[in-house]
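All heavy atoms count here, side chains included; hydrogens, waters and symmetry mates do not. Quick note on labels: first sequence line is chain A, next is B, and so on, each numbered from 1.
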Amino acid sequence: MELSAKYNPAETEDKWYAWWLENKFFHSEPDGREPYTIVIPPPNVTGILHMGHVLNNTLNDVLVRKARMDGKNACWVPGTDHASIATESKVVAKLKAQGINKEDITREEFLRHAWEWKEKHGGIILSQLRKLGASCDWDRTKFTMDPDLSRAVTDTFVYFYNKGYIYRGVRMVNWDPVGLTAVSDEEVIHRDTTSKFYHLRYFISDGHGNPTQEFLTIATTRPETIMADAAICVNPADERYHWLRGKKVLIPLINKEIPVIEDSYVEMDFGTGCLKVTPAHDVNDYEIGLRHNLPVIDIIDDHGRLNEKARILVGEDRFEARRKIEKMLEEAGNLVKVEDYTSPVGYSERTNAVIEPRLSMQWFLRMDALAGDALESVESGKVKLIPDKYRNTYRHWMENVHDWCISRQLWWGQRIPAWYLPDGRYVVSSTAEEALEMAKALMPEIAFEDLRQDEDVLDTWFSSWLWPISVFDPEMPGHPEHTPNRDLSYYYPTNDLVTGPDILFFWVARMIMAGNEFMKDVPFHNVYLTGIVRDKLGRKMSKTLGNSPDPLDLIAKYGADGVRLGMLLCTSAGNDILFDESQVEQGRNFCNKIWNAFRLVSGWKVDGQAGQPSAATVAVKWFGHRLNEAIAEMEDHYGKFRLSDALMGIYRLFWDDFCAWYLELVKPAYGACIDKATYDATLGFFDALLKMIHPFMPFITEELWHDLAPRGGKETIMFQRMPVAGNYDAAFIEDFAMAEEAVVALRAIRQQKNISPKEPLKLRVYGDFPEEVMPAVIKLANIASVETAKSDADSGAELPFMVRTVKMSVPAEGLVDAGKELEKLEADLKYQEEFLAIVRRKLSNEKFVNGAPEKVVAVERKKEADAVSKIESLKASIAALK
RNA sequence: GGGAGCAUAGCUCAGUUGGUUCAGAGCGUCUGCCUUACAAGCAGAGGGUCGGGGGUUCGACUCCCUCUGCUCCCACCA
């Protein structure tokens, strides 16, 4: 069969993925083997694949495939997240485009649209993952809103409610006026934002609601909220304002009378020292209001517009109102001045809307006890964070945790299982039937129609924190007394989790909490935190910038193996990834290199009678040792989650050691046959290399592994055992390295002297060069004869070079440019002499000889001896030239 | 404002408890090659006083202090 000179990924990838699926190679069932488990960080159900997913899932796949080849029962559970706020806003937008407002339809109608949307777009991302080669157990695919997983969420709510951890209350929450829901503290992103600092004059009241001539000045960034002011506050120690004690002031424009109060919260040297207190729209003001028993006047509605309580500018958006009120204040003579000002402003992570601190009734989960245990899990090392710099961040968060606001004013998600009686009391229960029973205990005559379920749904993370448990046994969450089913007891705890540090708290920490609570064990042992994928200029990839390539386009262009490699080449844990398409090109080139190496080997004709050439004998022996060394290095890197290092080691092993040195050494002359021993050894090496590459590049390795030898119908490289490192002779590898150095030096001489590679050279060796590897030098440097020099002095008509401490030369009458050679040799001599001087200075330093470990001193003595011998050789060469 | 981290070749990064000729890799660059596996390739070469300064040590890319620059996390000075 004639093989093309280029590897064609498109042809092979779909073929093998279909074959893997057909044979259910990714499917796992509990058995006697050691399990290796990963649960996917579930992507948004309606999401599409982006480069972050490529990174994450490639890493996951490498780990899973490696474990599979280590003989473990590997199980990678895929699935999707319902992503309540993100999905709901997409559906709202889609309906709006059709002329339907969410407000105008019922909850049931909306959910029907949402499910329709989910059926249509859900799972697209999972099919895209297949293109990437992800070896997920698709039979286990889960969705966080599957009925049984939803039930787990509800049960968890009931469990924590009964435990006294969940409470309902009016609190200051972060209100998202675009998403129309409260969000948790973690979903608020603070960004420095330029705004204005308004200095406003409030006149003192005469006691009857009329202004006097006296006034005070406050500074605020939010003049549109003055109508909600409940007081003006100064620091009790601020003597400038003692005269204000007991006075009342008038809110500009609406002339409402409010008291002046004192509270040490106010900083005297910030702003004017007078703070307007607006309990409804600022967290701190709310706290002050509580201390001073101030009324809460909420003038902003769900959409961020002023309501009728504002009295003026009713119906205006808060930012529009700010612009307008500035003018009104100016005209009324209350505006003193306006300064530019930069301060942190909270934005909604999902909708990017400016968060409105707002008082509302929400459900909360107490976090102190849960966080304490979760902190211990990491501190004790039961859960390892990689890289471990995140431990600090993690600890800080866990020690300063706030109660978790778990209710969301949305429809897409698990509805809160609280049922209200007509009198406002409520019961909490997993099912409506049970709720009715409980309600009857409170109010015997109550009917089902009288019960009203809470309108809110639960935060998405309230379902994803159960993920490592609920994908295996949805009966478990909320029921720690339940006996785990077969899957859960086999696969839990999972092994590794690969995710981004941005959801360390949202997700990772909370999974640890849920695991500790329901399983009395952590959900995973290693958390590998990836960086963010950025473009090569370091910018975050985003749709609006248009700097994010479509992974499917990349796969179409370079192949999935190439994309995987390109992604992995620049991936060290915890560091951001600067992604550049040229890396994918490099990945594709590597595919091609592997392909062509195979093409060479597959074309060989074997001669069973032929003896093994000495160069091949050296090569086979050397590569055997080198391979073992490389396997050991690879395992070491895997153990430390240094996957890009593991990959790079294999890359160089294949490209440099195997192709550039080994194959060149064993390659028979054109048209000639290869001996059986070398051929078999080569196939064995190729086989081992393909296995080592397989976790990184699953497709091309499966393809070539099948071409390498006849395979049975269901044989796959996926289940072959990863090569195990045997002993290797490091000294022999070093000897071979000397041969390599000699070859490089000889090639350099050819290039400098313009000698064709086809013209054989003579070689003269001074001193001890390892005899065994000489055939390698002879073959690769095209040496006609090797002569051992009798003395150190050469003839002058030679081109000398040093390989470590061994002097060699090419006798070359007529090619020697004495002047140039001399210059080179003298420069080298000078360097060596200086080096020797440094070493000797060290060795004559008693403190060094006595203080340094023996080993280090011995090394210095060796350096000294080597330098002395090199200097002698150089001097001999120089003398000869002169 | 508090905390953490980073700074090594043109670019992206290794450098594991201070000590092998330790200043490295990949990519890029330069030079020469279409040599019958591969020009998506082969061969060869150049390139950094390890951000600045100080200190500890026989010895510092590595430990300490300081300065500069960048990044991230946390945070209720309106």
Closest approach to the side chain of [X], judged atom by atom: which nucleotide of [options] is it?
{"X": "A:Ala852", "options": "B:C58, B:C76, B:C38", "answer": "B:C58"}
{"X": "A:Asp645", "options": "B:A37, B:A14, B:U20", "answer": "B:A14"}
{"X": "A:Phe270", "options": "B:C77, B:C76, B:A14", "answer": "B:C77"}
{"X": "A:His190", "options": "B:G5, B:G26, B:C76", "answer": "B:C76"}
{"X": "A:Leu578", "options": "B:A39, B:U12, B:C76", "answer": "B:U12"}

Pair [X]-[Y], side-chain donor/acceptor within less than 3.5 Å:
{"X": "A:Asn235", "Y": "A:Tyr265", "result": "no"}
{"X": "A:Thr225", "Y": "A:Lys276", "result": "yes"}
{"X": "A:Tyr286", "Y": "A:Thr278", "result": "no"}
{"X": "A:Tyr202", "Y": "A:Thr217", "result": "no"}
{"X": "A:Glu11", "Y": "A:Asn8", "result": "yes"}
{"X": "A:Glu759", "Y": "A:Ser756", "result": "no"}
{"X": "A:Glu581", "Y": "A:Tyr558", "result": "yes"}

[X] has an atom [atom1]; how far is it from atom [atom2] of [N], in whole Å?
{"X": "A:Asn284", "N": "B:C77", "atom1": "CG", "atom2": "P", "answer": "7 Å"}
{"X": "A:Tyr651", "N": "B:A14", "atom1": "OH", "atom2": "P", "answer": "19 Å"}
{"X": "A:Asn400", "N": "B:C76", "atom1": "CG", "atom2": "P", "answer": "10 Å"}
{"X": "A:Arg391", "N": "B:G5", "atom1": "CZ", "atom2": "P", "answer": "13 Å"}

Exercise. Measure the shortest side-chain to side-chain distance between A:Phe505 and A:Thr393 over non-hydrogen atoms and say whether it is less than 4.5 angstrom.
Key: yes

Under 4.0 Å between any heavy atoms, over every strand shown, what does [X] touch: base, sugar-phosphate, or nothing? Just pick one.
{"X": "A:Phe598", "answer": "nothing"}
{"X": "A:Trp655", "answer": "sugar-phosphate"}
{"X": "A:Arg804", "answer": "nothing"}
{"X": "A:Ser756", "answer": "nothing"}
{"X": "A:Pro357", "answer": "nothing"}
{"X": "A:Lys640", "answer": "base"}
{"X": "A:Cys659", "answer": "base"}
{"X": "A:Gln832", "answer": "base"}
{"X": "A:Arg652", "answer": "sugar-phosphate"}

Does a side-chain N or O from [X] land closer than 4.0 Å to OP1 or OP2 of [N], or not?
{"X": "A:Lys667", "N": "B:A37", "result": "yes"}
{"X": "A:Tyr662", "N": "B:A37", "result": "no"}
{"X": "A:Arg395", "N": "B:C74", "result": "no"}
{"X": "A:Tyr341", "N": "B:A78", "result": "yes"}

Self-check item: nucleotides 43-50 of chain B: protein proximity per nucleotide (B base, S sugar-phosphate only, - neither; heavy atom, under 4.0 Å)
Solution: BS------

Of the residues in [range], which ones touch RNA chain B at a heavy-atom distance under 4.0 Å?
{"range": "residues 583-593 of chain A", "value": "A:Gln586, A:Arg588, A:Asn589, A:Asn592, A:Lys593"}
{"range": "residues 835-850 of chain A", "value": "A:Phe835, A:Asn845, A:Lys847, A:Phe848"}
{"range": "residues 273-283 of chain A", "value": "A:Gly273, A:Leu275"}

Quiz prompt | Nearest-nucleotide 5' precedence on RNA chain B, A:Glu860 against A:Ala219 | solution = A:Glu860

Self-check item: A:Lys196 charged N/C atom sitting above A:Tyr341 aromatic ring, 6.0 Å / 45°
Solution: no

Quiz item: By ring pair (Phe, Tyr, Trp, His ring centres under 6.0 Å), which residues pair with A:Trp604, not counting sequence neighbours?
Solution: none

Exercise. Using the test ring pair (Phe, Tyr, Trp, His ring centres under 6.0 Å), find all partners of A:Tyr198 that sit at least two apart in sequence or belong to another chain.
Key: none

Considering only the [atom1] atoms, how many Å lie between [N] and [M], rounded to the nearest integer?
{"N": "B:C61", "M": "B:G19", "atom1": "C1'", "value": "13 Å"}
{"N": "B:G53", "M": "B:A60", "atom1": "C1'", "value": "15 Å"}
{"N": "B:C70", "M": "B:G28", "atom1": "C1'", "value": "24 Å"}
{"N": "B:C50", "M": "B:U62", "atom1": "P", "value": "9 Å"}
{"N": "B:G10", "M": "B:C67", "atom1": "P", "value": "28 Å"}
{"N": "B:G47", "M": "B:C38", "atom1": "P", "value": "34 Å"}
{"N": "B:C22", "M": "B:G3", "atom1": "C1'", "value": "35 Å"}
{"N": "B:G15", "M": "B:U56", "atom1": "P", "value": "29 Å"}

Need the pair for [N]. Rule: Watson-Crick or G-U wobble, both distances under 3.5 Å, any strand; none if unpaired.
{"N": "B:A7", "result": "B:U68"}
{"N": "B:A25", "result": "B:U12"}
{"N": "B:C30", "result": "B:G44"}

Self-check item: A:Glu629 and A:Arg626: CA distance, side-chain angles, deciding distance, salt bridge (charged side-chain N to carboxylate O under 4.0 Å, His left out) verdict
Solution: CA-CA 5 Å; A:Glu629 182 183 49; A:Arg626 175 67 197 111; 2.7 Å; yes

Quiz item: Has the side chain of A:Arg750 got a donor or acceptor atom that lies under 3.5 Å from a matching backbone atom of A:Ala781?
Solution: yes

